[in-house]
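Index from 1, following the sequence.
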Amino acid sequence: MTTVRTRIAPSPTGDPHVGTAYIALFNLCFARQHGGQFILRIEDTDQLRSSRESEQQIFDALRWLGIEWDEGPDVGGPHGPYRQSERGHIYKKYSDELVAKGHAFPCFCSAERLDQVRAEQQARKETPRYDGHCMHLSAEEAEQRIAAGESHVVRMKVPSEGVCVVPDLLRGAVEIPWDRMDMQVLMKADGLPTYFLANVVDDHLMGITHVLRGEEWLPSAPKLIKLYEYFGWEQPQLVYMPLLRNPDKSKLSKRKNPTSITFYERMGFLPEAMLNYLGRMGWSMPDEREKFSLAEMIEHFDIQRVSLGGPIFDLEKLSWLNGQWLRELPVERFAAEVQQWALNPQYLMKIAPHVQGRIETFSQLAPLAGMFFMGGVPLQASLFEHKKLQADQVRLLLQLILWKLEALRQWNKDKITAIIQQVAEHQGLKLRDVMPLIFPAITGQASSVSVLDAMEILGPDLSRFRLRQAVELLGSPSKKESKEWEKLLAELK
C-alpha cells in the first residue's frame with residue numbers, strides 16, 4: 001500500500017502568511033490521519049524577491065504554531081535538496097525531455113511582441129494567450145538561435161479545443177475548457193523553472209501522493225495534468241481548498257486584515273488557539289465542538305468534512321476563541337505564557353535603555369513603556385492635526401509610509417528612517433515635518449521614547465498594524481484615491 005505523502009511549498013518572499021499555515025495544517029492532518037509523511041519544500045525560484053530571512057521566518061512561524069515536517073531544507077530527508085533554487089539541473093533535464101518529445105518548444109518572442117499580441121487579442125475581445133508564433137520553428141533553426149546565445153524561454157504545448165476533466169476530491173470532476181489555457185512558460189530566460197514545471201517535477205520525484213492547495217490554482221490545473229501526461233507519470237490526487245476570506249467575502253489580504261502569522265504571535269495569541277481557529281476554517285469536528293487541539297483534529301480528520309463555502313477569517317471570532325483557551329489554562333501556565341510573550345529578559349533589555357533615563361520611579365514605567373506591551377494603541381484624531389499639512393496630506397503621507405513599510409524586509413531603525421525620509425522628500429517635506437504624525441500612530445501619544453527605536457523594538461507586524469489603524473481612523477483611501485496614491489507609490493520605487 002502506498003504511503004500517503006503531502007507537502008507545503010511556500011515562497012520565501014514576504015511575511016509568513018496565515019494562508020500558508022492554513023494549507024500546511026490541512027496537509028499535515030491529512031498525512032498524519034493516514035499514517036503518512038508531511039514535507040516542507042521552499043519555492044525560491046523568484047531570485048529577486050526570495051530571501052533566507054523570509055525562509056527562516058516561515059520555519060519559525062510554522063513551528064510556533066506546532067506544525068512540524070518530516071522532510072525539508074532544515075531537517076533533510078531522502079528526496080533533497082528541498083529548495084527549488086538548488087534543483088536547477090533537475091528541471092533543465094526534464095525541460096529538455098519535453099522539447100525532445102515535441103511537447104514543448106523554445107520561444108524567442110520579445111516582451112514587446114507579446115504585449116502587442118495581447119493588446120490586439122483584447123481589442124478583439126479574445127482571451128489573451130500566446131499565439132504559437134515560435135511553435136512551428138524547425139529544430140535546426142531553434143538550435144542555431146540558442147547556440148548563437150539568443151534569449152529564449154521554453155513553453156509547453158496545450159490543446160486549443162475540448163475540455164480537461166480535473167478530478168478534485170472535494171468537488172468531483174471539474175470541466176475546464178482548453179481554450180482558456182495559455183501555452184505556459186516552463187523555463188524562464190534565466191534558466192530557472194516556473195511554478196508549473198518545478199511543482200510537477202518535484203511532486204513526482206518526492207513521491208507526493210496528495211496535493212492540497214488553495215482553490216485559486218484550480219483554473220490552471222489542466223496545465224499540471226497535461227504535464228503529468230506528457231511525462232507519463234501518475235498524477236497525485238488533487239484537493240483544492242476553499243480560500244480564506246475577509247469578513248466582506250473578499251480574498252484575505254493584508255490591506256484588510258493582518259495576514260502575517262508573526263503578527264498574531266506578537267499580539268499575544270496562543271499558538272494552540274490560532275491552530276484551532278485555522279482548523280475551523282471550512283472544517284468542523286464530527287461533534288461540532290469549537291475548541292479542539294491539533295491531536296484531536298488529526299484523530300477525527302476527514303477531508304470530506306471540508307466545506308466549499310469561503311471560510312471567513314474574523315479577528316473578533318479568533319479573539320473570542322483565544323479567550324476560551326486562555327481562561328482554561330492552569331494559572332501557572334498562564335503566568336509562564338505571559339512571561340514568555342513579553343515579560344522575558346530579552347524583550348525587557350531592548351526596552352530598558354530607552355526608558356531608564358526618563359523615569360524617576362519604577363511606577364512611572366507603565367505609562368511610558370505600556371505601548372511596548374500593547375497590540376493596538378488608543379488613538380485620537382486630534383493628535384494628527386498638523387500646523388503645516390491639510391488632513392488629506394496627513395492621510396496620504398501615512399498611507400504611503402505604510403505601503404513602503406509593508407514591503408520592507410530588513411526591519412531596522414536606519415531602513416525605517418530612510419523610508420519615512422524618502423516619502424517626506426517626495427512630498428516636498430523634511431523628516432521633522434512628518435515625525436509628529438508617526439509618534440501618535442505608533443505610541444498613541446504626542447511624544448514618547450524615540451519612536452524610530454520603538455518601531456524597531458515592536459517589529460514590523462505591530463508597527464504596520466498601528467499605522468494601518470491610524471490610516472483607518474483618519475479615513476482609508478477611496479477607490480479613486482487608491483489609484484492616484486498608488487501612482488505616487490510607484491514613483492517612490
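Using a 4.0 Å cut-off between a side-chain N of Lys or Arg and a carboxylate O of Asp or Glu, Lys483 and Glu486 do not qualify as a salt bridge. Note on Glu296 versus Arg289: salt bridge recorded, some NZ/NE/NH1/NH2 to OD/OE distance being below 4.0 Å. A salt bridge links Arg171 to Asp168: one of the charged nitrogens lies within less than 4.0 Å of a carboxylate oxygen. Using a 4.0 Å cut-off between a side-chain N of Lys or Arg and a carboxylate O of Asp or Glu, Asp392 and Arg395 qualify as a salt bridge. Salt-bridge formation is detected for the pair Glu406/Arg468: a Lys NZ or Arg NE/NH1/NH2 atom is positioned less than 4.0 Å from an Asp or Glu carboxylate oxygen. Looking at Asp203 and Arg41, a side-chain N of the basic residue comes within less than 4.0 Å of a carboxylate O on the acidic one, giving a salt bridge. Ion pairing between a basic and an acidic side chain is recognised when a charged N comes within 4.0 Å of a carboxylate O; Glu272 and Arg333 show such pairing. With salt bridges taken as basic N to acidic carboxylate O contacts below 4.0 Å, one links Glu215 and Arg245. A salt bridge does not link Asp433 with Lys387: none of the charged nitrogens is closer than 4.0 Å to a carboxylate oxygen.
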Applying side chain to side chain donor-acceptor pair (under 3.5 Å) to Ser11 and Thr13, what does each step give before you reach the verdict? CA-CA 6 Å; Ser11 299; Thr13 54; 5.1 Å; no
Residue pair Ser50, Asp46: steps toward the side chain to side chain donor-acceptor pair (under 3.5 Å) verdict: CA-CA 6 Å; Ser50 296; Asp46 185 338; 5.3 Å; no
Test Glu484 against Lys479 for salt bridge (Lys or Arg N to Asp or Glu O under 4.0 Å), laying out the working first. CA-CA 9 Å; Glu484 292 169 357; Lys479 281 189 178 176; over 6 Å; no
Test log, rule salt bridge (Lys or Arg N to Asp or Glu O under 4.0 Å), inputs Arg52 and Glu55: CA-CA 5 Å; Arg52 284 296 172 92; Glu55 179 185 297; 3.8 Å; yes
Passes salt bridge (Lys or Arg N to Asp or Glu O under 4.0 Å), Glu456 versus Lys415? Steps please. CA-CA 10 Å; Glu456 182 172 336; Lys415 292 273 198 303; over 6 Å; no
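Proximity of Leu25 to Leu65: side-chain heavy atoms (C-beta onward) are nowhere separated by under 4.5 Å. Residues Glu43 and Pro10 are not in side-chain contact: their nearest non-hydrogen atoms beyond the backbone lie 4.5 Å or more apart. Side-chain contact between Met281 and Met241 is absent, with no heavy-atom pair separated by less than 4.5 Å. Two residues are said to be in side-chain contact when any heavy atoms from C-beta on lie closer than 4.5 Å; Leu398 and Ile438 meet this criterion. The shortest distance between side-chain heavy atoms of Asp15 and Arg464 falls below 4.5 Å. Contact check for Thr45 versus Pro193: side-chain heavy atoms found under the 4.5 Å cut-off. Residues Phe313 and Tyr277 have side chains in contact (heavy-atom distance under 4.5 Å, counting atoms from C-beta outward). Considering only heavy atoms from C-beta on, Leu489 stays 4.5 Å or farther from Gln399 through its side chain.
For Thr194 (side chain) and Val185 (main-chain N/O), a donor-acceptor pair under 3.5 Å exists by modelled atom type. When atom types are taken as modelled, the side chain of Asn276 and the backbone of Phe292 share a donor-acceptor pair closer than 3.5 angstrom. Under the 3.5 Å distance criterion, the side-chain polar atoms of Arg466 are matched with a main-chain donor or acceptor of Gly375.
With no hydrogens or angles considered, no side-chain donor-acceptor pair links Asn27 and Arg5 at under 3.5 Å. Using modelled atom types, one finds a donor on one side chain and an acceptor on the other under 3.5 Å when comparing Asp74 with Trp69. Between the side chains of Glu491 and His426, at least one donor N or O sits under 3.5 Å from an acceptor N or O. Donor-acceptor pairing under 3.5 Å is recorded for the side chains of Glu425 and Gln421. No side-chain donor-acceptor contact under 3.5 Å links Arg409 and Ser54. For Gln184 and Lys223, the side-chain atoms include at least one donor-acceptor pair closer than 3.5 Å.
With sequence neighbours excluded, no residue forms a salt bridge (Lys or Arg N to Asp or Glu O under 4.0 Å) with Glu299. Looking at residues two or more places apart in sequence or on another chain, you find a side chain to side chain donor-acceptor pair (under 3.5 Å) between Asp461 and Ser260.
Atom CD of Gln304 sits in a crowded spot, with more than 12 heavy atoms from other residues, nucleotides or ligands closer than 6.0 Å.
When each of Thr209, Asp202, Asn199 is tested with Arg7 by the rule side chain to side chain donor-acceptor pair (under 3.5 Å), just one qualifies, namely Asn199. Evaluated for a ring pair (Phe, Tyr, Trp, His ring centres under 6.0 Å) with His210, the options Tyr240, Phe30, Phe26 yield exactly one hit, Phe30.
Between the CD1 atom of Ile401 and the CG atom of Leu405 there is a distance of 7.0 Å, given to the nearest 0.5 Å.
Aromatic rings of Tyr347 and Trp341 (six-membered ring for Trp) have centroids beyond the 6.0 Å cut-off, not under it.
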